[in-house]
Amino acid sequence: MDWAERDCITKAPVWCSVDLRDGNQSLVKPMSEDVKAEFFKLLVKIGFKEIEVGFPAASETEFNFIRRLIDRNMIPDDVSIQVLTQAREHIIKKTFEAVKGAKNVIIHLYNSTSAVQREQVFKKDKSAIKKIAVDGAELLKELTEKEDAVFRFEYSPESFTGTEPEYALEVINAVLDVWKPTAEKKAIINLPATVENSMPHVYARQTEYICRHLKHRNETLVSLHPHNDRGCAVAAAETGLLAGADRIEGTLFGNGERTGNVDLITVAMNMFSQGVDPKLDFSDMPDICSLYESFTDMSVYPRQPYAGGLVFAAFSGSHQDAIAKGMEWREERGFEKWNVPYLPIDPADVGRVYETDVIRINSQSGKGGVGFVLKEYFGVDMPKNMKEQMGYKAKSVSDRHRKELRPEELYAIFEENYIAPRWYFDITDCRFEEDGGVRAEIRFLVDGKEETVKACGNGRLDAVSNAIKERFDVDYVLDGYEQRALSSTSRSKAMSYVCATDKNGAHFWGAGIDDDIIRSSYKALVSAVNNLLKGEI
């Protein structure tokens, strides 16, 4: 089947982080040795097995950092460090000094091959540019044999996407003829989109051409190195992998020169979202973001795929309602496969918290989101019609103050409107006798004074309601009453919800909390009637 017809990538590529070299050289303030050492530890923790750690000949900081990793035994046995070198003799020799004594090393050789570089920068023809590559490859092989080292080799025709494909292949194959890779010691041919200047499928077709005509294909890993000048680096990487590439170089969050390198987090998590294990661990994304920001003095964009602080946030009422219903549907059925509306992956898989990262409340929110937050945070599981009322109250407060409402602020609105209303009266005590019906003696607190009213009813709440109607000369119908445990971890507390409907059909809700179900019920009724007397829906 042609690669363009494939639905998804089915296995993880070989990942190579270039954060410490490509990423570092693009920072306004390049990282110190200490910071690079901590960044290296993070990359190892995430699971990178190949890490480009620097350009040893570029500066003393670069050289010393690489020596630090080696001399202090900071490189795990299953991790290869990669070092970059131009195809120039003195730079190659300096590179070998830097990596002496390291166990697993990839020497990454490059030279520019594009037409514009040949004509404008080097002023050399194709044969001269190919000779630079071949001479560099020969020197790498010679020095490796002299050092009796077991180094792996990588070659990049820099500005590959600006190079004629046939000529790029000619140079690459000439390099491979020098190295003569084997199945045990594979060479890496890296195809840099040094400047992204075409649509992703063009890069994929260029990659496919190299893969099909490459010498020693079974002994060579074809690697991608996409940049993001057109904003298509992730798409270019994915189509390039589909077209036959085995490996990919990039950075966390796409840091790099100009618009950056390909974001390896997005590529990996895209695979994860399709059920493919990327072999990288991003389960604590908030910590990775925090460390990255401290290392680079850069910020992770709030809408950065999978990692940004707002990427799972739903402010829209319809989105919140769908998410809340989707979560309830999963819980009711014990459904394991992730398929919640508006959430491409389970936010918990990257260390995000539903209550704080998913459902966010502002003036655009609705009853579903408000109900979800109150239930998840405080165990408040309101009846449907009450959710709608509460949703409007929350939207009104957010709109008036032009702010997002934190869960604590949301509960305060709920409490103020449905638990606390006692403007006209309160009940301090109730005594009941049952003999066919229910006789009640209710002690009211009105204007700071207590008074007792007796009434009968067909149940305790009905008796209390009749006493309220008699004392305050108010007419309403009790057409909503629900009682639930406050939360799954607090079964001793009961939350009751009562709706009093007046003669015009307006609904007035109240809520009550107590260890005793009856007390929580009449507390809710007191709040509802106080709202009715005040006209507060």
Enquirer: Quick one, Ile81 and Asn104 - any side-chain contact, counting heavy atoms below 4.5 Å?
Expert: no
Enquirer: I'd like to check Tyr497 versus Val380 (side-chain heavy atoms, cut-off strictly below 4.5 Å). Are they in contact?
Expert: yes
Enquirer: Please determine which of Val353, Val358, Val311 meets the side-chain contact (heavy atoms from CB on, under 4.5 Å) test together with Pro347.
Expert: Val358
Enquirer: Rounded to the nearest 0.5 Å, what separation is found between the CG atom of Asp516 and the OG atom of Ser521?
Expert: 8.0 Å
Enquirer: Decide yes or no for Asn24 and Asp19: does some side-chain heavy atom of the first lie under 4.5 Å from some side-chain heavy atom of the second?
Expert: no
Enquirer: Quick check: do Tyr418 and Lys393 have side-chain heavy atoms less than 4.5 Å from each other?
Expert: yes
Enquirer: If I compare all heavy atoms of Pro13 with all of Leu241, which pair ends up nearest, and what's the gap?
Expert: CB-CD2, 3.8 Å
Enquirer: Using distance alone, with no hydrogens and no angle criterion, decide if Thr259 and Arg230 have a side-chain donor and acceptor under 3.5 Å apart.
Expert: no
Enquirer: For Met74, I'd like to know if atom CE has over 12 heavy atoms of other residues, nucleotides or ligands within 6.0 Å.
Expert: yes
Enquirer: Could you check Val498 against Trp509 for side chain to side chain contact (heavy atoms under 4.5 Å, CB included), going step by step and ending with a plain yes or no?
Expert: CA-CA 6 Å; Val498 170; Trp509 284 92; 5.8 Å; no
Enquirer: Would you check if the side chain of Ser223 reaches a backbone N or O of Ile189 as a donor-acceptor pair within less than 3.5 Å?
Expert: no
Enquirer: Compare every heavy atom of Lys395 with every heavy atom of Ser365, then report the nearest pair and how far apart it is.
Expert: O-CD, 2.9 Å
Enquirer: List the residues meeting side chain to side chain donor-acceptor pair (under 3.5 Å) with Asn504, not counting sequence neighbours, and say none if there are none.
Expert: none
Enquirer: Quick one: do Asp479 and His507 satisfy side chain to side chain contact (heavy atoms under 4.5 Å, CB included)? Show the steps, please.
Expert: CA-CA 9 Å; Asp479 65 352; His507 303 296; 3.9 Å; yes
Enquirer: Is it true that Asp514 and Lys493 have a side-chain N and a carboxylate O under 4.0 angstrom from each other?
Expert: no
Enquirer: What orientation do His319 and Tyr342 show, parallel under 30°, tilted 30 to 60°, or perpendicular over 60°?
Expert: parallel
Enquirer: Side-chain contact test, heavy atoms from C-beta onward, threshold under 4.5 Å: evaluate it for Val222 versus Leu191 and give yes or no.
Expert: yes
Enquirer: Between Asp426 and Arg422 (salt bridge meaning N to carboxylate O under 4.0 Å), is one present in this structure?
Expert: yes
Enquirer: Going by distance alone, is a donor N or O of one side chain under 3.5 Å from an acceptor N or O of the other, for His108 and Glu52?
Expert: yes
Enquirer: Please name the pair of heavy atoms, one in Cys16 and one in Leu264, separated by the smallest distance, quoted to 0.1 Å.
Expert: O-CD1, 3.7 Å
Enquirer: So do Tyr110 and Asn190 actually touch side chain to side chain, heavy atoms under 4.5 Å?
Expert: no
Enquirer: For Asn261 and Thr251, which I'm curious about, is there any donor-acceptor pair between the side chains at under 3.5 Å?
Expert: no
Enquirer: Looking at Arg333, I'd like to know if its CZ atom is crowded, meaning that more than 12 non-hydrogen atoms belonging to other residues, nucleotides or ligands lie closer than 6.0 Å.
Expert: yes
Enquirer: Stepwise, does the side chain to side chain contact (heavy atoms under 4.5 Å, CB included) test hold for Ser273 with Trp338?
Expert: CA-CA 9 Å; Ser273 73; Trp338 184 258; over 6 Å; no
Enquirer: May I ask you to decide whether Arg68 forms a salt bridge with Asp34, counting only side-chain N to carboxylate O separations under 4.0 Å?
Expert: yes
Enquirer: Between Asp321 and Lys367, is there a side-chain N and carboxylate O pair less than 4.0 Å apart?
Expert: no
Enquirer: Before you tell me yes or no, could you show the steps for Met495 and Asp381 under side chain to side chain contact (heavy atoms under 4.5 Å, CB included), namely the whole-Å CA-CA distance, both residues' side-chain angles and the distance that decides it to 0.1 Å?
Expert: CA-CA 9 Å; Met495 173 74 87; Asp381 187 10; over 6 Å; no
Enquirer: May I have all residue pairs that pass side chain to side chain donor-acceptor pair (under 3.5 Å) and include part of residues 304-313, sequence neighbours excluded?
Expert: Asp263-Gln304, Asn270-Tyr306
Enquirer: Would you say Arg352's side chain and Ala307's backbone share a donor-acceptor pair under 3.5 angstrom?
Expert: yes
Enquirer: With distance as the sole test, does Asp287 use its side chain to make a donor-acceptor pair with the main-chain N or O of Leu291 at under 3.5 Å?
Expert: no
Enquirer: Would you tell me whether His225 and Asp22 have side-chain atoms, one donor and one acceptor, within less than 3.5 Å of each other?
Expert: yes
Enquirer: Within a radius of less than 6.0 Å around CD of Glu336, do more than 12 heavy atoms belonging to other residues, nucleotides or ligands occur?
Expert: no
Enquirer: In plain terms, say whether Lys403 and Glu409 are close enough for a salt bridge, that is, a side-chain N and a carboxylate O under 4.0 Å apart.
Expert: yes
Enquirer: Output yes when a side-chain donor or acceptor of Arg330 lies under 3.5 Å from a complementary backbone atom of Lys337, and no otherwise.
Expert: yes
Enquirer: Check whether any side-chain N or O of Ser32 sits under 3.5 Å from a backbone N or O of Val35 as a donor-acceptor pair, and report yes or no.
Expert: yes
Enquirer: Distance from Asp349 atom CG to Ser283 atom OG, nearest 0.5 Å?
Expert: 8.5 Å
Enquirer: Which pairs, with at least one residue in residues 195-208 and sequence neighbours excluded, count as a side chain to side chain donor-acceptor pair (under 3.5 Å)?
Expert: Trp3-Glu208, Glu208-Arg212
Enquirer: Is Glu249 salt-bridged to Arg21, cutoff N-O under 4.0 Å?
Expert: no
Enquirer: Can you give me the closest heavy-atom contact between Gly326 and Pro341, atom names plus distance?
Expert: CA-CD, 4.0 Å
Enquirer: Determine yes or no for a side-chain-to-main-chain donor-acceptor pair under 3.5 angstrom, with Arg303 supplying the side chain and Leu310 the backbone.
Expert: yes
Enquirer: Indicate the atoms forming the closest heavy-atom contact of Ile413 with Ala394, along with that distance.
Expert: CD1-CA, 4.3 Å
Enquirer: Ser398 side chain to Ser363 main-chain N or O, any donor-acceptor pair under 3.5 Å?
Expert: yes
Enquirer: So, Ser112 versus Glu158: side-chain donor-acceptor pair below 3.5 Å or not?
Expert: yes
Enquirer: Look up atom CZ in Phe272 and atom NZ in Lys279, then write down how far apart they are to the nearest 0.5 Å.
Expert: 12.5 Å
Enquirer: Would you check if the side chain of Gln320 reaches a backbone N or O of Ala314 as a donor-acceptor pair within less than 3.5 Å?
Expert: yes
Enquirer: Assess whether atom CD1 of Ile517 is packed by more than 12 heavy atoms of other residues, nucleotides or ligands within 6.0 Å.
Expert: no
Enquirer: Charged N to carboxylate O under 4.0 angstrom, Glu33 versus Lys36?
Expert: no
Enquirer: What do you reckon, are the aromatic ring centroids of Tyr411 and Tyr377 less than 6.0 Å apart?
Expert: no
Enquirer: Is it the case that more than 12 heavy atoms not belonging to Phe335 sit under 6.0 Å from its CZ atom?
Expert: yes
Enquirer: How long is the span from the CD1 atom in Ile188 to the OG1 atom in Thr220, to the nearest 0.5 Å?
Expert: 9.5 Å
Enquirer: Quick check for you: to the nearest 0.5 Å, what is the distance between Cys8 atom SG and Leu242 atom CG?
Expert: 8.0 Å
Enquirer: What are the two closest heavy atoms between Val370 and Gly391, and how far apart are they?
Expert: CG2-CA, 4.1 Å
Enquirer: Should we count CG of Asn339 as having more than 12 external heavy atoms under 6.0 Å?
Expert: yes
Enquirer: Can you confirm whether Trp423 sits close enough to Leu533 that some side-chain heavy atom of one is under 4.5 Å from a side-chain heavy atom of the other?
Expert: no
Enquirer: Under the criterion side-chain hydrogen bond (donor to acceptor under 3.5 Å, both in side chains), which of Glu154, Arg152, Glu50 is the partner of Gln82?
Expert: Glu154
Enquirer: Could you check whether Tyr522 and Ser496, counting side-chain N and O atoms only, form a donor-acceptor pair closer than 3.5 Å?
Expert: no
Enquirer: Using a 4.5 Å cut-off on heavy atoms from C-beta on, say whether the side chain of Lys384 contacts that of Glu482.
Expert: no
